[in-house]
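Remarks on the structure that follows.
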Amino acid sequence: MEEYEALESIGSGSFGLIRKVRRKSDGKILARKEIDYRKMSTKEKEQLVAEVNILKDLKHPNIVEFLERVIDRENSFIYILMEYCEGGDLASVIRRHREKSVLIPEEFVWSIMTQLTMALHECHCGMSRNEETNQPMPRAAILHRDLKPDNVFLDANKNVKLGDFGLSRSLSNPQKAFAQTYVGTPFYMSPELISESIYDIKSDIWSLGCVVFEMCALEPPFLADTQAQLSAKIKLGRIQTLPSQYSYELNVVIRSMLQLSPRKRPTTTELLANPKIKVCKKHLE
Ligand SMILES: CN(C)CCCNS(=O)(=O)c1cccc(Nc2nc(OCC3CCCCC3)c3[nH]cnc3n2)c1
């Protein structure tokens, strides 16, 4: 562990504290998730191993880069080294605009939506390499399951980075047959999750719709004081109209992602085909 100099803590996420560190070899600033695995149950340790294995496979410009995992047996700590996103999280961007009563420009909303859709496309439809032949091959979809403004970060060049796969799941898991116990943030809970059915890739699309809606309205599409009221509102699926400065096209794409029926929501492929979403083809491979 002597390779990194510990700096200030950024906050505490799933499994542990996240701290800024400076790599001594080249002075590069990184984010380090510090997990005390003494307190972890066997199941949690398995989940952590699964998270690290998912992160290792996901290499994409819009997904927080996983650099390495270090085990400090002396202090029973696991350190996960990731790229540091100095632009902070999208939740702070939305909060700043709400406090100043300034709407987020439509171009910025499309840019964030495009980059998050590409990150989800990599999760849902990405390829991995066959060990023997090194040929690209389809892998099981990876569900983020906790897409929310607090898990979306910006780097120094306003590039969006989807982070904290602490709750993500690969559909290759045996328990995919059973509805996984929901552990995400209630505001972004999809209708099918409330009715205890299977969480699938369309549930990530619902959460993406919630995030894009919140960037425009500066508050989540469904708000309530109790979980019961929130669940009732989500199941009704009625959402406020967005501020009039936002275009018809943006309203249409947000409403398509917030369709109550998962089947009616677009896939990432369909979203990326939207003419308003300018995707450079190279990211589509
Ligand atoms: C608790 N909140 C008020 C947020 C306080 C902290 N502000 S903030 O908006 O996240 C913020 C401010 C400046 C830089 C960064 N950069 C950053 N943050 C990560 O995780 C943050 C962590 C995620 C789980 C919940 C707690 C916070 C990263 N993970 C991998 N690379 C990361 N880069 C984040």
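Quick note: numbers below take in every heavy atom, side chains included, and nothing from hydrogens, waters or symmetry partners. Numbering of ligands and ligand atoms starts at 1, following listing order.
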>> For Ser9, give me all partners under side chain to side chain contact (heavy atoms under 4.5 Å, CB included), at least two apart in sequence or on another chain.
In response: Leu17

> Can you name the side chain to side chain contact (heavy atoms under 4.5 Å, CB included) partners of Pro262, sequence neighbours left out?
Replying inline: Glu192, Lys202, Arg265

> Measuring from the heavy atoms of Gly163, does anything fall under 4.0 Å of ligand 1?
Replying inline: no

> If you count the atoms of ligand 1 from 1 in the order shown, which ones are under 4.0 Å from a heavy atom of Glu83?
Replying inline: 30 (C), 31 (N), 32 (C)

>> Could you tell me, atom by atom, which parts of ligand 1 come under 4.0 Å of a heavy atom of Ala31?
In response: 30 (C), 31 (N), 32 (C)

> Any idea which of Ala91, Cys85, Gly11, Gly87 brings a heavy atom closest to atom 15 (C) of ligand 1?
Replying inline: Cys85

> Between Lys28 and Asp26, is there a salt bridge with N-O shorter than 4.0 Å?
Replying inline: no

>> Between Asp89 and Ser92, is there a side-chain donor-acceptor contact under 3.5 Å, judged purely by atom types and distance?
In response: yes

>> Any donor-acceptor pair under 3.5 Å linking the side-chain atoms of Ser111 with those of Gln115?
In response: yes

Side chain, backbone, both or neither: which part of [X] has a heavy atom under 4.0 Å from ligand 1?
{"X": "Ile10", "answer": "both"}
{"X": "Ser92", "answer": "side chain"}
{"X": "Ile18", "answer": "side chain"}
{"X": "Ser12", "answer": "backbone"}

>> Please determine whether side-chain hydrogen bond (donor to acceptor under 3.5 Å, both in side chains) holds for the pair Glu46 and Thr42, giving the CA-CA distance in whole Å, both sets of side-chain angles, and the decisive distance to 0.1 Å.
In response: CA-CA 6 Å; Glu46 284 162 4; Thr42 314; over 6 Å; no

>> Using the rule given for side-chain contact (heavy atoms from CB on, under 4.5 Å), can you reason through Ile35 versus Met40, listing the C-alpha separation, both sets of side-chain angles and the distance that settles it, and then say yes or no?
In response: CA-CA 9 Å; Ile35 299 146; Met40 291 176 76; 3.5 Å; yes

> Under 3.5 Å, N or O to N or O, is Asp89 touching ligand 1 that way?
Replying inline: yes

